[in-house]
Amino acid sequence: MTVHLAAEGPYRFRIEPTGAMRVPGVVFASHELLHGADKAIEQVANVAMLPGVVDASYAMPDVHWGYGFAIGGVAATDPREGGVVSPGGVGFDISCGVRLLAADIDAAELRPVLERVMDGLDPAVPRGMGKGAVWHLPGRGELTGILTGGSRYAVEHGHGDERDLLRCEDAGAVADADPGQVGERAVQRGAQQVGSLGSGNHFLEVQRVAEVYDPAAAEAFGLRPDQVCVMIHCGSRGLGHQICTDHVRAMEKQMARHGITVPDRQLACAPVDSAEGRAYLGAMAAAANYGRANRQLLAQAARQVFRRAAGARLDLVYDVSHNLAKLEDHEVGGERRRLCVHRKGATRALPPGHPDLPPDLREVGQPVLIPGTMGTSSYVLVGVPGGRAFHSTCHGAGRVQSRHQAARGVSGRHLRDTMEAHGIAVRASSWRGLAEETPDAYKDVSAVVEASEGAGLCRKVARLTPIGVVKG
DNA sequence: ATGTTC
């Protein structure tokens, strides 16, 4: 199937509803960013066929092909109209997200102790495939606190302070988590990985504020030029992956009973108000809490290293996920409705004045954290008034080469040497993993951010560049 | 992303 995209404004394309599509598709991107994205655009049209979908099936400028839903996709359903929730609309790495911490030192002050900091982070940040974690938990009993309490549970156990929670999406914990819907295998995998980075594009970076575009917003976020920052990008590890697998399977079995047909098996779904829908949302919320606790513990590990090796303090700027479904209130067709908003490889971007923002950010809007490709820039953005795509924007660069292609094109050692020659300290966990993350394998994150701003989804606040990379 | 193909 070839889907026709009609340009309808700067950085905005439309897919007219045809066939089984219930709503149009809206793609925010430049022509250049959409090059080679045909399969992803077809997925945007497929999502427009889901029961109860409202308004439009949206795609962010970093859209690319994913499991069922495109990565960079945003879609909302109305539970009162049979609206569904689909695990493919969240992704395998439930609650994958970014946490940014700002240091009380500048890049010039860090430089003399950088190697000491990096040598401290190297053993303090568990990463790579499989085991190794800040906390080791025997099983379900010990894990339940994390699944229900998220970052709050970690803080209550001495790993952080109250202010950290104010600067987390949902104040650090989603309320409606249901650990009872998390299967035994997910628990077994998750219990061994609390406080670990994982692999692939996940990282912990020491960064410098290279450019400030919006001084007022930067100041409100606690950022200034040349300041040192720490960015953590990770998710819910094997726990979230297993939850997705288990609930996709359960939904596949029940779809016929619910009278649901989808154009792609990977769009397995269930009504939000059904046993399967509620079970998934409860387990997903538990994984969301796991992801935040994971980032909280890694942030504490980084804080200890910075205090010891650099005498520096790290304050939380914000923590936000880009793989999540949430029940949120939105105005659609002049009516306020409670919707199930799926964001997969898309970041929530609340505008100024939104009631879910902490008081000290209410005037300026929500910080949006965009992890860059290894060795390049990362961005801090802010939500804007207008509420496009249910207050959502991009999440990162997006792959253009497969892992295999990437690893064939460059050696990990060469990549490390190149970054070190550019003054970036590197602590990798595997050469192969490093090679797979070569910047050549990704779109230009700056082009993605330009398109997101141009489309009216967000505004640029600051650009961050890496000083040190701790790679999974 | 992921005990990288239950």
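All heavy atoms count here, side chains included; hydrogens, waters and symmetry mates do not. Quick note on labels: first sequence line is chain A, next is B, and so on, each numbered from 1.
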Practice task
Could you tell me whether the side chain of A/I260 reaches within less than 4.5 Å of the side chain of A/V84, counting heavy atoms only?
Solution key: yes

Problem - Gap between atoms CZ and P, on A/R399 and B/dT4 respectively (whole Å) - result: 17 Å

Handout entry: Side-chain N,O (A/S199) to OP1/OP2 (B/dT4) below 4.0 Å
Key = no

Problem - Atom-pair distance (CD on A/E436; P on B/dT2), nearest Å - result: 12 Å

Problem - A/Y290 OH - B/dT2 P separation (whole Å) - result: 10 Å

Exercise for the section: Check for a donor-acceptor pair, side chain of A/R295 on one end and backbone N or O of A/V320 on the other, with a separation under 3.5 Å. Expected result: no

Practice task
Give the rounded distance in Å between these two atoms: CZ of A/R249 and C1' of B/dT2.
Solution key: 13 Å

Completion exercise
Between CD of A/Q266 and C1' of B/dT2 the distance, given in whole Å, is 15 Å

Handout entry: Pair A/H258, A/E276: side-chain N/O donor-acceptor within cut-off below 3.5 Å
Key = yes

Exercise for the section: Under 4.0 Å between any heavy atoms, over every strand shown, what does A/Q193 touch: base, sugar-phosphate, or nothing? Just pick one. Expected result: sugar-phosphate

Fill in the blank from the handout: A/N294 CG to B/dT2 C1', in whole Å, measures 14 Å

Practice task
Whole angstrom is fine here: how far is it from NE2 in A/H202 over to P in B/dT4?
Solution key: 16 Å

Practice task
Could you pick out which residue, A/M129 or A/E437, lies toward the 5' side of DNA chain B when each is mapped onto its nearest nucleotide?
Solution key: A/E437

Practice task
In whole angstrom, give the distance that lies between atom CD of A/Q242 and atom C1' of B/dT5.
Solution key: 14 Å

Handout entry: Sugar-phosphate, base or nothing in reach of A/R185, heavy atoms under 4.0 Å
Key = base

Problem - Any A/R403 side-chain nitrogen or oxygen under 4.0 Å from OP1 or OP2 of B/dT4 - result: no

Practice task
Taking atom types as modelled, find out whether A/E437 and A/Y442 have a side-chain donor-acceptor pair closer than 3.5 angstrom.
Solution key: yes

Practice task
Please check if the distance between the ring centroids of A/F221 and A/Y318 is under 6.0 Å.
Solution key: no

Practice task
Assign A/G235 to base, sugar-phosphate, or nothing according to its heavy-atom contacts below 4.0 angstrom with the strands shown.
Solution key: nothing

